[in-house]
Amino acid sequence: MQANEFRLKVGINGLFWPQERTGSGQYLRYLWKNLERDELNQYQILAPENIVPAGELASNELITAKPPLPITRGGKSAVKLWWEQSGLPQIAREAARRQQAFDVIHYPYFAAPLARLPYPGGLIVTIHDLIPLVLPEYAPSLPWKLYFKLVSTATRRADLIMADSEHSKKDILRLLKVPPRKVQVVYLGVDERYQPGQLPPEERRALFQRYGLNGDERIIFYLGGFDRRKNLLTLIQAFGQALANLKQSEQADGGGRWVLALAGKAHTSNSQMYPDLSGPIQLIFGTGEDSQRVRLLGPVTEEDKILLYRTADMFAFPSIYEGFGLDPLEAMASGTPVLCSNASCLPEIVEAGGRQLPPLDVTAWAEAIAELAASPEKRYEFAKAGPIQASKFSWQKTAERTLQLYNVVECMHTRGKS
């Protein structure tokens, strides 16, 4: 099919393409993968030069721009700002000059250009969350405050905003003061690779040993960020409070030791944003045998993440604020019993697929951990309920709804014009 035969030409900001461990990076890649199946429209990733690894996209799927040398000397933040406000809009202007204008430009994260895009050039923005506005400590410096003031102003000018959840939509309406008609909820999805399934004992042992475990433990698994809003201290305290009951369960059923396994890492050395966990762990569990009950696994590969979900005996997610909550959704899809907080968007994503708890109630978390550990029947109930709930979400549905909104934005810009 020739380029001029496509129904729509869509340019998608690919800045987060190389950051596939982040929520924005995963969203971009899964959205692209599912939109690519649509042959009626043309989709192109727009990105700064050299950030998309060679061979990952075909030459007609990628358009890049090179940052000016003074910009690159300013570091990643300078390149990001240049790209959002100048680099990508320049690509759009060049395409229009060659009579190959984009019908829609999509910024798939909280950013937008202040300058108007060339006709027809409708603008759609996905806002996963408003963490820097809801939790001011996430934008502590003056430059970051100014940046989020800039992108808030620019995003208000978008033709349409997509929110990951009803909760995020409410935050957008409250904090950005945009008309309700401009904000549409488009839920994220869960990849089909996340499915229930037990590993053979020898593979399970080898998986655990890759991350410093003995191989025969029963794990309460956490995967995600280590920043303050993830509320890991509450989970560690709750595990410590539940430990006596967990030991009784071990004696009663003769099974492996219960271990709290935390996967991920701090992204910076900022102790205000990423509290040190080693001190609280030592304070609660001492330096003896119990100190080995909390294990910091570090980053895990995408392949091992799938296996760890399947082999975990429960998944605990005490986050205080999320825009969507991919991690508990993936855990539910994997048939892992889920404990999660009842804060922000999580209740609308998890519903009856997991047990929801007040995020800061250490005792409630401790009791829930001990209860699930002592009851294979309750774990089985959640293991069955999780995949049913997770089946309501798919990346194909995300892509289909996104395409509908691309068409809406295109119509807004071309209706009544020839």
Side-chain angles (χ1 to χ4, degrees), residues 198-226 230-266 276-301 304-319 327-328 330-331 334-340 354-355 357 362 365-376 378-380 382-383:
Q198 294 296 315
L199 288 184
E202 61 277 10
E203 291 185 23
R204 182 180 186 274
R205 179 178 295 274
L207 171 68
F208 282 17
Q209 289 178 345
R210 281 201 291 277
Y211 293 96
L213 299 167
N214 293 330
D216 57 358
E217 296 92 341
R218 290 180 285 189
I219 65 170
I220 301 165
F221 186 45
Y222 167 82
L223 174 73
F226 274 40
K230 296 297 185 176
N231 193 31
L232 291 182
L233 183 56
T234 290
L235 180 57
I236 292 168
Q237 291 172 332
F239 181 73
Q241 197 174 116
L243 188 55
N245 288 328
L246 295 176
K247 289 179 177 180
Q248 290 179 3
S249 295
E250 292 167 2
Q251 293 175 352
D253 61 27
R257 295 200 318 161
W258 284 98
V259 168
L260 178 61
L262 309 176
K265 68 171 185 176
D276 175 56
L277 299 179
S278 58
I281 290 172
Q282 182 173 340
L283 182 65
I284 295 169
F285 299 94
T287 57
E289 183 179 340
D290 284 352
S291 65
Q292 298 302 303
R293 295 273 190 164
V294 181
R295 307 302 293 272
L296 303 178
L297 305 186
V300 300
T301 66
D304 284 349
K305 179 173 80 167
I306 296 169
L307 302 179
L308 285 165
Y309 276 134
R310 289 181 182 176
T311 55
D313 293 271
M314 63 181 91
F315 180 78
F317 196 75
S319 179
D327 302 308
E330 291 170 348
S334 304
T336 305
V338 168
L339 299 175
C340 79
R355 183 168 176 182
L357 303 158
V362 173
W365 278 86
E367 290 174 350
I369 289 171
E371 182 181 5
L372 271 187
S375 177
K378 289 186 181 297
R379 295 202 302 275
Y380 178 78
F382 282 120

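- Screening Glu217, Glu289, Glu250 for a salt bridge (Lys or Arg N to Asp or Glu O under 4.0 Å) with Arg257, the sole residue that qualifies is Glu289.
- Looking at heavy atoms from C-beta onward, Leu262 lies in side-chain contact with Leu260 at the 4.5 angstrom threshold.
- Inter-residue side-chain proximity for Tyr309 and Asp327 is flagged as met; some heavy-atom pair is nearer than 4.5 Å.
- Phe221 has its side chain out of reach of Asp313: every pair of non-hydrogen atoms, C-beta onward, lies at least 4.5 Å apart.
- Nearest approach of Ile369 to Ala242, heavy atoms of both residues: CG2-CB, 4.2 Å.
- Under the 3.5 Å distance criterion, the side-chain polar atoms of Arg379 are matched with a main-chain donor or acceptor of Leu372.
- Put simply, OG on Ser319 and CG on Leu232 are 9.0 Å apart, with the number rounded to the nearest 0.5 Å.
- Looking only at side-chain heavy atoms (C-beta outward), Pro337 and Tyr380 stay at 4.5 Å or farther from each other.
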### Check against side-chain contact (heavy atoms from CB on, under 4.5 Å), Arg218 and Asp253
CA-CA 12 Å; Arg218 290 180 285 189; Asp253 61 27; 2.9 Å; yes
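- In terms of modelled atom types and a separation under 3.5 Å, the side chain of Arg295 and the main chain of Gly212 share a donor-acceptor contact.
- Residues Val338 and Pro328 approach most closely at CG2-O, 4.0 Å, considering heavy atoms.
- Nearest heavy-atom pair across Gly240 and Ile284 is CA-CG2, 4.0 Å.
- The nearest pair of heavy atoms linking Trp365 to Ala316 is CZ3-CB, 4.1 Å.
- Rounded to the nearest 0.5 Å, atoms CG (Leu243) and OG (Ser249) are 10.5 Å apart.
- Using a 4.5 Å heavy-atom cutoff, the side chains of Arg355 and Phe382 are in contact.
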### Worked check of side-chain contact (heavy atoms from CB on, under 4.5 Å) between Phe226 and Leu277
CA-CA 9 Å; Phe226 274 40; Leu277 299 179; 3.9 Å; yes
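- Partner of Val259 under the side-chain contact (heavy atoms from CB on, under 4.5 Å) criterion, out of Val294, Ile220, Leu213, Leu246: Leu213 alone.
- For Phe208, the ring pair (Phe, Tyr, Trp, His ring centres under 6.0 Å) criterion is met by no residue, not counting sequence neighbours.
- When all heavy atoms of Phe317 and Leu223 are compared, the pair lying nearest together is CE1-O, 3.9 Å.
- Ser375 contributes no side-chain N or O that, together with a main-chain N or O of Glu371, makes up a donor-acceptor pair within less than 3.5 Å.
- Here OG of Ser291 is found 9.5 Å from CD1 of Ile281. Values are rounded to the nearest 0.5 Å.
- Atom OG1 of Thr301 and atom CG of Leu307 lie 7.5 Å apart (nearest 0.5 Å).
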### Query
Would Lys247 and Asp290 count as a side-chain contact (heavy atoms from CB on, under 4.5 Å) if you check the C-alpha gap in whole Å, the side-chain angles of each, and the deciding distance to 0.1 Å?
CA-CA 11 Å; Lys247 289 179 177 180; Asp290 284 352; 3.1 Å; yes
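- Judged purely by atom type and a 3.5 angstrom limit, Asp276 uses its side chain to pair as donor or acceptor with the backbone of Gly279.
- Within the 3.5 Å criterion, the main-chain N or O of Asp216 finds no donor-acceptor partner in the side chain of Asn214.
- Tyr211 and Asp304 share a donor-acceptor pair across their side chains, judged by distance under 3.5 Å alone.
- Smallest separation of non-hydrogen atoms from Arg204 and Gly215: NH1-O, 3.5 Å.
- The side-chain heavy atoms of Tyr222 and Leu297, taken from C-beta on, include no pair separated by under 4.5 Å.
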### Query
What do the steps show when you test Gln241 against Glu367 for side-chain contact (heavy atoms from CB on, under 4.5 Å), and what is the final call?
CA-CA 9 Å; Gln241 197 174 116; Glu367 290 174 350; 5.9 Å; no
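- Residues passing the ring pair (Phe, Tyr, Trp, His ring centres under 6.0 Å) test with Phe285 are Phe239, sequence neighbours excluded.
- Taken to the nearest 0.5 Å, the CD1 atom of Ile219 stands 7.5 Å off from the CG atom of Leu207.
- To the nearest 0.5 Å, the span separating CG on Leu235 from CD on Gln237 amounts to 10.0 Å.
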